[in-house]
Amino acid sequence: MVLSSQKTLEQNALRIRKGIIQAICSNKGGHIGGSLDLADVLSVIYTDFIRIDPQTPKWDNRDFMIISKGHAGPALYSTLALKGVIDYSRLNNLNNPNSLLPGHCDRNKVPGVDATTGSLGQGLSIAVGAALGAKIKDSGQRVFCIIGDGESAEGQIWEAAQFAAHYKLDNIIAFLDWNNMQIDGSVEEVMSIGDPMKKFEAFGWNSTLVKGDDVLAIQKAINFAIESPNKKPTMIVLKTIKGRGAKCIEELPNNHCLGFNDDLKEKVLEELKERAVELDMEEEQWN
Amino acid sequence: MELRYTGGVAEKEPIQIFNETMRELFSEDDKVVYLDADLMGSLKTAQLWKDYPKNVFNCGIQEANMVGVAAGMYLNGFKPYIHSFSPFASRRIFDQVFLSIGYAQKSIRIIGSDAGIMATNNGGTHMSFEDVAMMRTVPNACVADVSDPTMFKALLKLTKDRNGVTYIRTARRNLKDIYMPDEKFEIGKGKLLKDGNDVTIVACGIMVATALEAAKELEKDGISAQVVDVVTIKPLDEDLILACARKTKNIIVCENANILGGLTSAVCELTSAKYPVRVKGIGINDSYGCVGSEDFLRKKYGLTIENIILQVKELLR
Ligand SMILES: Cc1ncc(C[n+]2csc(CCOP(=O)(O)OP(=O)(O)O)c2C)c(N)n1
Ligand SMILES: [Mg+2]
């Protein structure tokens, strides 16, 4: 397996962030915080690991990606555009009438989306089923899945966790977006999650903690899960910052779902542009 | 009866009504509790949470557990009101509501917000058309679709000591004022909002205001329509609906829900047994929700003044 450099991964993460802003601004608002903070992990998965065919999104033996926190649709859509699965122009239609790009991940409308999510708590079960199917087929397919920390209050997450360990589904590589935020405040004050690493370990999973914007650490963790299967599913806990990638969003007390006026858009794009200079990407379009 | 309907947006949004009514309830009765599942933000109840630490609890994102917790609190004499978006306050928790509360003869009030198309930009995954049908099948349940903020307040208060399952679905915003602030409501009593001779439009929720507008337009074409707000879909005001059936012989039902099992079904079940008349339902026809503005979704699903007029004329032809 050829692994990409830090710079390549960070460049793609920045492109994903730009696409998220494009999509969300097309409808003057949306679930920005929990989309932006996934850009780094999505960049790593889609640049180096997931085996899909952009020309044949429904290829039978593809690896699956299940975004259980369905409100991060814009992050997945932007990634799919980067990979050429959907056209960039589609990002201009988030939630428009007759939309081909619903804000919540929608497998009926958007090629490359494997799970329709939005009712929180259901995605990890779908990932588990897909992984079990791959085991039965003996196809070697892997399943990637991303769950939220607020979402992890749902009992179904833990039903799926138990199931995955029981059936030794080491072809699941899941991520917990541990941004410590949900709608009504911090996860600490609303419904504390405790130590998620220990929890998943107790459920029979491999579990590691990684900084959510450290692309090389994420790469290493995924690579380890792939190279050293031990009959256990893997949970990579990402210590993230909700809204990561744009300080003006990060700093808001609640950035779960925001309205976007031109002013805010300008500010965010300005920050992305600065980052683009650091990453030698200023020749790409930044507004 | 006197109405204050003007077509304008209500003076107080349902969100504001919920907040002020819960405050009143907490001070009247310290056994009243309000549980939410990480959607206080959408009802703007964060301040309530701070002000009433013994009455307000955030359950995090675990709706089914929230119902179980409510069932347990009932054992200690508490009177739970629980809230989530309507799909998560109905289909997501149905067995818990049915068994832990309904069958076990306990009491709960469930507020499902963003009912039907009012989920707008949250889209199909957040859009409940089936909640009315599901909740109607819980024995002795009360099911209401809020048409106006005054009615919302009344329902919250009226059901505090009601036994069994109470399900109140509502929009969070964009309701119209229909009723005078001192209007009195009763569970199982509908309101005849406008008299007429040719057809009865039986409506609930956001469709009541739409029905009033349609009736006004129909008047210009010489069609005299009466308009009923059922207030509670279950128990249904049988006397009122049957009186309307006898008088106009034609009924149009308007609802922001699936007509399968919804108010349309309820009206048909009643009239077909006791006084068969022609009934036509305007509502969601066995389909899933999708994303869009209220305006777009109204057009898509036919929940418009124009469609009511069209359907009335077809029915009367
Ligand atoms: C079953 C269900 N309950 C409630 C909601 C409403 N909701 C959408 S996002 C969200 C908060 C999610 O928090 P978290 O999982 O931590 O996501 P993130 O912080 O990554 O955005 C809530 C309560 C929902 N979509 N589904
Ligand atoms: Mg979170």
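In what follows, chains carry the letters A, B, and so on, assigned in the order in which the sequence lines appear, proteins first and then strands, with residues in each chain numbered from 1. Bear in mind the structure is a predicted one, so any value in this text is a computation, not a measurement.
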Inset, instruction - For residues A:S119 and B:T125, report the shortest heavy-atom separation together with the two atoms involved. - result: N-CB, 4.4 Å
Legend entry - Interface residues of residues 86-97 of chain A facing chain B - non-hydrogen atoms under 4.5 Å apart: A:N95, A:N96, A:P97
Inset, instruction - With the side chain counted from C-beta on, respond yes when A:H31 and B:N122 share a heavy-atom pair under 4.5 Å apart, and no when they do not. - result: yes
Legend entry - Over 12 non-hydrogen atoms of neighbours within 6.0 angstrom of NZ in A:K28: no
Inset, instruction - Would you give the length of the straight line joining atom NZ of B:K300 to atom CG of A:N98, rounded to the nearest 0.5 angstrom? - result: 6.0 Å
Inset, instruction - Find the one option among A:G103, A:G148, A:G150, A:G30 whose heavy-atom pairs under 4.5 Å with chain B are most numerous. - result: A:G150
Legend entry - Those residues of residues 186-202 of chain A, ordered by number, that approach chain B below 4.5 Å (heavy atom to heavy atom): A:E189, A:V190, A:M191
Legend entry - Taking every non-hydrogen atom, the tightest pair across B:D38 and A:D184: OD1-N, 2.7 Å
Legend entry - Any residue of residues 81-98 of chain B which, by heavy atoms, sits under 4.5 Å from chain A: B:F88, B:R92
Legend entry - Under 4.5 Å from any heavy atom of chain A - which part of B:L297: neither
Legend entry - Residues in residues 54-65 of chain B near chain A [non-hydrogen atoms, under 4.5 Å]: B:N58, B:C59, B:G60, B:I61, B:Q62, B:E63
Legend entry - Whether over 12 other heavy atoms sit under 6.0 Å from A:Q162 CD: no
Inset, instruction - Tell me, yes or no, whether the heavy-atom count around A:R107 atom CZ, taken from other residues, nucleotides or ligands under 6.0 Å, exceeds 12. - result: no
